[in-house]
Amino acid sequence: MKAFQNVCRQLRSSKGFSVKTVALGDFSTSCYLCDRKKKVNPYEKVDQEKYSHLVQSVLSFRGLVHTPESLFEEDALLYGPVSKHKPPKQEEEAIIPQNWFPIFNPRRSVKPNASYPSTPLKIPLQRTVIPSVTRILQQTMTKQQTFYLERWKQRMILELGEDGFKEYTSNIFLQGKRFHEDLEYILSLSPQGNVKERGENLESGYIQSVQHILKDVSGVRALESAVQHETLKYSGLLDCVAEYQGKLCVIDWKTSEKPKPFIRNTFDNPLQVVAYMGAMNHDPNYSFQVQCGLIVVAYKDGSPAHSHVMDAKLCSHYWAKWLLRLQEYTEKNKNENMQKTD
C-alpha cells in the first residue's frame, strides 16, 4: 500500500498527467476516460410512436389461466380420451392350479437305461371317456386364439370357397399323417443307432427338412404310443420318445407353412409336450422318466426345420400352464353337465 502511495505522489509532481484515486481494483487515467466511446442503444432509433399501439396490445393481453383440469380437457380435445390400460396379470404368480400334481415322478429313475428295447414301445390308444390332450387344448383356447383362428378360417374360405377350404385342410392333414408315417418308419428300423442315413432316400420335403435333427436322434424308446394320467384323468398319443443330443426327450414333430423360429410361435405345442411328459412319467406302462421336451417344426420346401428344446425348468413352467387349462376344462364340463341335469 505504501508503495502504491509513493507512485501516486510521483505522478502528481510530473507534468501532463492527472491521476484520479478510485476504489481498490479500479484504476483509470483521465486520458482513457476521454477517449472511451459511449455505447449507442439501437432501440433508441426505433419510432416508438409508430409501434406504441402494438406494444400496448401485447402488454395488455392476458392468456388463459391453465389448471390441471383445463389441460386434460385440451389434451382430450386434441388427442382423444386417455386410454387407461391395466398392467398385465402375472398368471404364474397370481393363479396357482388347484389340481397341482408334479410333472416328474420322484420314484422313477432319471438315468437312461443302458440297454434299449429292440422294438420301440407302441401302446395303442384306447377310446375311453377320458378326454385327450388335443381335445382339452381345443376347448380351452383363449378368446384371442379363437378370434385369430376364426379370422384365418374366414379369410381362407373367402379365397378358396367352402369346398376349396375343405380340400385344403384335408390335404394338410394327409401331409402331416404321411410325414409321421415316414418318421415312424425311419426311427423304427434301428432304434439304437443314428437315423440320419435311413431318411436320405425319401423324397419328402418334410423329411429333408429334419435331416439335421435326425442325426442327433438315437435310443428310440417309444413311437406313436399312448399315455394316460390316472390321477389327472387325461390321455394322449405322443409322437416319439428318444435321446436327442444324449438327453431323453418327448419329441413332437410338427409341420408348418410359415417359419416358427421361436418357441412362442408354436402356440400350445409346449403344453401338449409337457402333458405327454407328465402322463408318461406316471404311467405304469413306462419304466423310464423323461425330463426334457423337443418340438421340431418341419417345412414342405425342405428348408432346415426349427428345433425348440425344453429343459426341466422350462417344462415345469409350461406344466403349471397345462394344469390351469386342464382345470378350466374340468370346471367347464362340470357346469355343462349340471345345466343338462337341471
Side-chain angles (χ1 to χ4, degrees), residues 119-125 132-135 137-138 149 152-153 156 160 164-191 193-227 236-245 249-263 265-277 280 290 292-310:
T119 304
L121 291 172
K122 191 175 181 179
I123 301 171
L125 182 64
S132 66
V133 173
T134 304
R135 181 180 179 183
L137 291 176
Q138 286 177 346
L149 182 62
W152 170 81
K153 180 180 177 181
M156 295 297 291
L160 303 175
F165 178 71
K166 290 180 181 178
E167 183 180 356
Y168 169 80
T169 53
S170 177
N171 289 335
I172 292 295
F173 173 77
L174 291 175
Q175 289 175 10
K177 183 180 179 182
R178 176 64 186 275
F179 173 55
H180 280 79
E181 289 175 350
D182 290 344
L183 282 172
E184 184 180 356
Y185 168 75
I186 295 169
L187 295 171
S188 62
L189 288 178
S190 179
N194 191 292
V195 297
K196 178 184 177 183
E197 295 79 5
R198 284 174 266 144
E200 290 179 343
N201 296 327
L202 293 175
E203 296 180 358
S204 169
Y206 293 119
I207 295 298
Q208 298 302 320
S209 178
V210 298
Q211 281 300 304
H212 67 292
I213 305 294
L214 292 177
K215 69 182 179 62
D216 291 326
V217 176
S218 61
V220 182
R221 308 293 186 83
L223 288 172
E224 299 295 329
S225 190
V227 292
L237 189 69
L238 55 82
D239 290 345
C240 176
V241 178
E243 289 187 17
Y244 176 71
Q245 297 180 347
C249 299
V250 167
I251 304 177
D252 201 23
W253 307 98
K254 298 295 182 183
T255 60
S256 176
E257 295 182 346
K258 295 182 179 180
K260 295 185 177 181
F262 305 105
I263 194 170
N265 303 134
T266 60
F267 303 104
D268 284 340
N269 294 156
L271 302 184
Q272 188 176 17
V273 170
V274 297
Y276 293 152
M277 288 176 58
M280 195 201 70
V290 175
C292 297
L294 175 66
I295 301 172
V296 181
V297 185
Y299 305 109
K300 187 177 180 180
D301 61 359
S303 57
H306 286 109
S307 60
H308 306 290
V309 179
M310 302 169 60

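Just the heavy atoms: all of them, side chains too, but no hydrogens, waters or symmetry mates, feed the values below.
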Taking the side chain from Ser225 and the backbone from Ile123, do they hold a donor-acceptor pair closer than 3.5 Å?
-> yes
Kindly indicate whether the side chain of Tyr206, heavy atoms from C-beta on, has any atom under 4.5 Å from the side chain of Arg178.
-> no
Can you tell me if Ser209 uses its side chain to pair, donor with acceptor, with the backbone of Ser303 under 3.5 Å?
-> yes
Glu224 versus Asp239: any side-chain heavy-atom pair under 4.5 Å?
-> yes
Relative to the ring of Phe165, is the ring of Trp152 parallel (under 30°), tilted (30 to 60°) or perpendicular (over 60°)?
-> perpendicular
His306 (side chain) donor-acceptor with Pro259 (main chain) under 3.5 angstrom | no
Side-chain heavy atoms of Val220 within contact of Ser188, under 4.5 Å = no
Hey, does Asp268 have a side-chain heavy atom less than 4.5 Å from the side chain of Gln272?
-> no
For Val217, the option from Leu187, Leu294, Ile186, Val210 that meets side chain to side chain contact (heavy atoms under 4.5 Å, CB included) | Leu187
Mind checking what makes ring pair (Phe, Tyr, Trp, His ring centres under 6.0 Å) contact with Tyr244, not counting sequence neighbours?
-> none
With distance as the sole test, does His308 use its side chain to make a donor-acceptor pair with the main-chain N or O of Val297 at under 3.5 Å?
-> no
Over all atoms of both residues, closest heavy-atom pair of Val290 and Met277 | O-CE, 3.6 Å
Donor-acceptor pair between Glu181 and Tyr185 side chains, under 3.5 angstrom = no
